Protein chains: 2
Amino acid sequence: MLATIESGSRTDRVIAVLTELITSGRFGSGDFLPSEAELCKQLGVSRPTVRMALRTLETRGLVLTKQGVGVQVTDRTRQAVTDSIELMLLRGGAAPRDVLEVRLMLECQGAALAAQRATDDDLAAIASAIADLRNRPQGVTETVDADLRFHLRVAEASKNAVLVALAHAIRGLLRDTIAATWRVDDRTEERLQDHADVLAAVSARDPVMADAAMRAHLCRTERLIEVLREGGAIPKTSP
Amino acid sequence: MLATIESGSRTDRVIAVLTELITSGRFGSGDFLPSEAELCKQLGVSRPTVRMALRTLETRGLVLTKQGVGVQVTDRTRQAVTDSIELMLLRGGAAPRDVLEVRLMLECQGAALAAQRATDDDLAAIASAIADLRNRPQGVTETVDADLRFHLRVAEASKNAVLVALAHAIRGLLRDTIAATWRVDDRTEERLQDHADVLAAVSARDPVMADAAMRAHLCRTERLIEVLREGGAIPKTSP
DNA sequence: CGCATCCTGTTATCTGACAACTGACGTCCG
DNA sequence: CGGACGTCAGTTGTCAGATAACAGGATGCG
């Protein structure tokens with residue numbers, strides 16, 4: 001048992017203990033924590049207290065509780081980072097221009113890094129996403145998903161987890177806007193070619209060209225967004 | 001009242017409702033939410049459910065619950081982002097290198113934007129931060145604060161709220177590391193000159209030079225961090 | 001052997017209660 | 001009259017026990 005006198009509420013102490021158990025590796029990904037009842041006995045607190053602590057750990061992406069099964073240790077910390085960034089931007093009332101600007105920075109630099117670090121698997125994954133997009137899936141939703149997958153794969157090829165989380169969060173904010181751009185059939189062929197250009201630059205291990213290709217692609221999309229916004233297809237409040 | 005039938009557990013639904021209330025601005029920073037008992041009545045769920053939801057909102061930095069007082073809406077989302085990234089680093093989902101790399105992107109591009117958009121007030125604020133740093137305050141804490149202030153002022157001069165928020169969150173991660181670099185007296189003069197160079201470039205409205213000056217400064221710091229890390233002054237787990 | 005069923009263990013939620021804390025109000029004493 | 005103190009209502013923190021919902025394996029039957 002811990003020293004009885006510590007700072008914070010009991011819940012906070014339970015959070016600290018469980019977090020330590022997981023980050024120290026005593027419980028690895030996939031392992032199941034003892035049941036809530038067991039944790040109560042071992043920690044000397046009631047079930048609501050344990051549950052509140054577990055809820056915090058779940059929010060932080062350390063565990064995943066499944067009804068009827070148990071509490072499983074996972075590593076969804078990247079998702080947690082993405083979520084909190086998205087919330088921060090939502091709360092801060094991010095201006096559309098600001099979001100687009102930062103996206104441009106992150107994705108272009110990400111593409112440049114990808115050109116330096118992408119493995120063959122990464123290249124295959126990017127190519128696969130492009131193929132999905134070319135095959136023109138049924139609805140707009142599938143198209144947007146494929147588009148999102150392409151950008152995500154490029155970001156992942158940068159091998160920078162922080163950049164992936166940031167890019168992903170920002171993309172989440174732009175999802176509706178980008179969906180609108182795919183709804184119109186304006187210059188679709190050029191946009192598909194843009195994707196191929198990015199892949200070519202990354203495959204050629206040319207950071208400068210990768211940056212430029214991605215920049216050209218995003219700028220084209222931004223111009224399209226601007227047109228749609230003037231036409232009233234996109235509300236100005238959401239980026 | 002929302003439709004009673006939605007996906008997810010009741011707790012998830014309560015989380016969604018409360019999050020919406022806050023992000024939509026119905027409750028602003030500083031406001032107090034209704035008491036837990038009141039929320040129970042209005043949402044039609046029991047207190048533990050409400051409390052679990054509130055706990056999630058608290059870990060995400062949206063509210064702050066104080067015993068005997070109530071639940072206050074706050075904006076600690078930047079802290080939440082910093083915390084979750086830190087957790088991701090601890091779990092090995094990201095490397096310290098990733099953090100430094102993203103910082104480099106954001107701050108360099110931010111400096112370039114600042115060169116295009118800084119007002120006279122911004123320039124004065126940056127100069128003021130540099131002056132504070134030159135006057136060599138008493139302790140390391142004050143030095144680090146002044147350093148932080150300098151970088152924050154530059155970011156703010158970019159007039160991009162998203163970039164400011166991200167840069168601030170990332171900086172929070174590096175605070176201890178940067179404090180370590182100021183503890184040693186290695187090439188302090190050069191680093192102070194770096195700051196002046198950035199200000200000069202921004203004042204000259206030269207984006208390329210501003211980017212380069214900031215890049216030079218950050219790279220110098222990174223080299224120092226590398227040296228300290230090899231010497232054991234900085235644990236490798238924290239960036 | 002295949003399949004439906006039951007059973008066990010788990011989490012999700014509810015109910016009611018009490019403890020601890022905060023802030024403000026009223027009271028008492030100097 | 002003024003300030004220190006106690007009291008009190010309202011709030012969050014925690015507990016105990018019970019019930020419902022769920023997943024997966026064991027069991028029994030055809």
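Lettering of chains follows the sequences in order, A, B, ..., and the numbering in each one begins at 1. Worth knowing before you read on, the calculation uses all heavy atoms, side chains too, and leaves out hydrogens, waters and symmetry mates. Small disclaimer: the values here were computed from a predicted structure and weren't measured.
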Output the rounded distance in Å from [atom1] ([X]) to [atom2] ([N]).
X       : N      : atom1 : atom2 : value
A:Glu38 : C:dT10 : CD    : P     : 9 Å
A:Arg10 : C:dC18 : CZ    : C1'   : 12 Å
B:Leu43 : C:dC14 : CG    : P     : 11 Å

> Bend across the helix from C:dC1-D:dG30 to C:dG30-D:dC1, to 10°, with axes taken over 5 pairs at each end?
Replying inline: 10°

> A:His217: what forms a ring pair (Phe, Tyr, Trp, His ring centres under 6.0 Å) with it, not counting sequence neighbours?
Replying inline: A:His151, A:His195

> Going 5' to 3' along nucleotides 19-26 of chain C, which nucleotides have protein heavy atoms under 4.0 Å from the base (write B), which only from the sugar-phosphate (write S), and which from neither (write -)?
Replying inline: -BBB----

>> What verdict does the salt bridge (charged side-chain N to carboxylate O under 4.0 Å, His left out) test give for B:Lys159 and B:Asp122, after you've listed the backbone C-alpha separation in whole Å, the side-chain angles of each residue and the deciding distance to 0.1 Å?
In response: CA-CA 10 Å; B:Lys159 305 299 179 199; B:Asp122 290 328; 2.8 Å; yes

Side chains of [X] and [Y]: do they bring a donor and an acceptor to under 3.5 Å?
X       : Y       : result
B:Thr77 : B:Asp75 : yes
B:Thr49 : B:Thr11 : no
A:Arg91 : B:Ser29 : yes

>> Heavy atoms within less than 4.0 Å of DNA chain C: which residues of residues 47-56 of chain A have one? Give them sorted by number.
In response: A:Arg47, A:Arg51

Show which side-chain atoms of residues 123-131 of chain A pair as donor or acceptor with protein atoms under 3.5 Å away, not counting sequence neighbours.
none

> Any side-chain N or O of A:Ser35 less than 4.0 Å from the OP1 or OP2 oxygen of C:dG9?
Replying inline: no

>> side-chain contact (heavy atoms from CB on, under 4.5 Å) for B:Asp147 and B:Trp182? Distances and angles first, verdict last.
In response: CA-CA 9 Å; B:Asp147 186 27; B:Trp182 281 108; 3.0 Å; yes

> Earliest and latest nucleotide of DNA chain D, 5' to 3', sitting under 4.0 Å from a non-hydrogen atom of chain B?
Replying inline: D:dG10 to D:dT14

